[in-house]
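As structure tokens, the structure follows; a few thoughts come after it.
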Amino acid sequence: MKQNIRDADPAELLELAVNLARRAGELARRTRAEAIGDVATKSTATDVVTAADQAAERLVVSALAELRPGDAVLGEETGASEGGSGVRWVLDPIDGTVNYLYGLPGYAVSLAAEIGGQVVAGVVHNPVTGEEWTAVRGRGAMRNWEPIRCSEVTELGMTLLATGFGYAADRRAHQARVVAEVLPLVRDIRRYGAAALDLCYAAEGRVDAYYEKGLNAWDHAAGGLIAAEAGLVVSGLRGAPPGPSMVIAAPAAIFDALHALLVELDADGGP
Ligand code: IPD
């Protein structure tokens, strides 16, 4: 039966997202040894896609086509497909592909559901640690089904700040100039290598805040909702929504200071 927007209940979309993220994550984890021998490159020689990114994406996309045939899908590896239902799924089959390649545990499946262009449900599932962060808009955020809240930090100088870097050398050079100015002003910097996990770590206060330029929707759709539902302000710069030019996730008490610093440093400028 063709689905339409009236059928879309965010809690049910989350249930399906969790089921698919677990299956995709398990596939990636189980097949890693073979998958990392089958690697192609994307935007640069260091921007890789493994056979597991593609297989995990195929698993989710084909299950959605069968279970919710009217929905649109935006996937990191296969791009956009249209649908008429008003629901769109946003998928990163392996966020943290370089960690995956090197056998580091910091990678995750990120899957979000939008209704009418707004993210309403999201899951970030790490198949190595078994950690699973979820949120439904307006109903709070959870890790492994326990409610989580962001940090209560009140000073930029006491902020443990996560960030990340793009793949292109000229963009990285600009990001390095910005982070060199930020580092003396915060408690410390963390670079874990998976934006979806950075956002979930901020959501539960493992880091206080996060910013990054250059993210795609699949990197931040699910994690951004989880962070916002955990109490963080999730935004771009100068009132823009979170997007390719900037994603900031910060507790309200330090948001203005971090935002002002990033504006001053032209963090969304450069290549
Ligand atoms: C990347 C990771 C990384 C971030 C990059 C992303 P990928 O996603 O999230 O932490 O710094 O901007 O592109 O390539 O592993 O899916």
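In what follows, every heavy atom counts, from backbone to side chain, and hydrogens, waters and symmetry copies are set aside. Indexing begins at 1, ligand by ligand and atom by atom, following the structure's order.
Comment: Glu77 engages Lys42 in a salt bridge, judged by a side-chain N to carboxylate O separation of less than 4.0 angstrom. Electrostatic pairing of Glu26 and Arg29 counts as a salt bridge here, judged by a charged N lying under 4.0 Å from a carboxylate O. Classification of Asp170 and Arg172 as a salt-bridged pair fails, no side-chain N sitting under 4.0 Å from a carboxylate O. Taking 4.0 Å as the cut-off between side-chain N and carboxylate O, Glu155 and Arg187 do not count as a salt-bridged pair. The pair Arg190-Asp198 does not count as a salt bridge, with every side-chain nitrogen at least 4.0 angstrom from each carboxylate oxygen. The existence of a salt bridge linking Arg206 and Glu131 is confirmed by a sub-4.0 Å separation between a basic side-chain nitrogen and an acidic carboxylate oxygen.
Nearest protein heavy-atom neighbour of atom 2 (C) of ligand 1: Asp95 OD1, 3.5 Å.
At a heavy-atom cutoff of 4.0 Å, ligand 1 is contacted by the backbone of Ala194 but not by its side chain. Contacts with ligand 1 closer than 4.0 Å are made by no heavy atom of Asn216, backbone or side chain. Only side-chain heavy atoms of Arg191 come within less than 4.0 Å of ligand 1; its backbone N, CA, C and O stay farther off. Residue Phe165 touches ligand 1 through its backbone alone, judged by heavy-atom distances below 4.0 Å.
Among Asp219, Leu101, Val247, Ile94, the residue whose heavy atom lies closest to atom 6 (C) of ligand 1 is Asp219.
Applying the 4.0 Å criterion to heavy atoms of Ala195 picks out, from ligand 1, the atoms 2 (C), 9 (O), 10 (O). Here is the list of ligand 1 atoms found below 4.0 Å of a heavy atom in Asp92: 16 (O). Short contacts between ligand 1 and Gly164, defined as distances under 4.0 Å to a heavy atom of the residue, involve ligand atoms 11 (O). Residue-ligand proximity, Glu212 to ligand 1, at heavy-atom distances under 4.0 Å covers atoms 4 (C), 5 (C), 11 (O), 12 (O). The atoms of ligand 1 that sit less than 4.0 Å from any heavy atom of Gly193 are 2 (C), 3 (C), 10 (O). Shown in contact with Leu215 at under 4.0 Å from a heavy atom are these atoms of ligand 1, numbered in order with element: 12 (O).
Each of Ile115 and Leu225 belongs to its own hydrophobic cluster when Ile, Leu, Val, Met, Phe, Trp and Tyr are linked at side-chain heavy-atom distances under 4.5 angstrom.
Residue Gly96 has at least one N or O atom closer than 3.5 Å to an N or O atom of ligand 1. At a 3.5 angstrom cut-off on N or O pairs, Ala196 does not count as close to ligand 1.
Judged as a side-chain contact (heavy atoms from CB on, under 4.5 Å), and not counting sequence neighbours, the contacts of Ala257 are Leu156.
In this structure, Tyr211 OH and Asp268 CG are separated by 11.5 Å, a value rounded to the nearest 0.5 Å.
Using a non-hydrogen distance threshold of 4.0 Å, Tyr167 registers as a contact of ligand 1.
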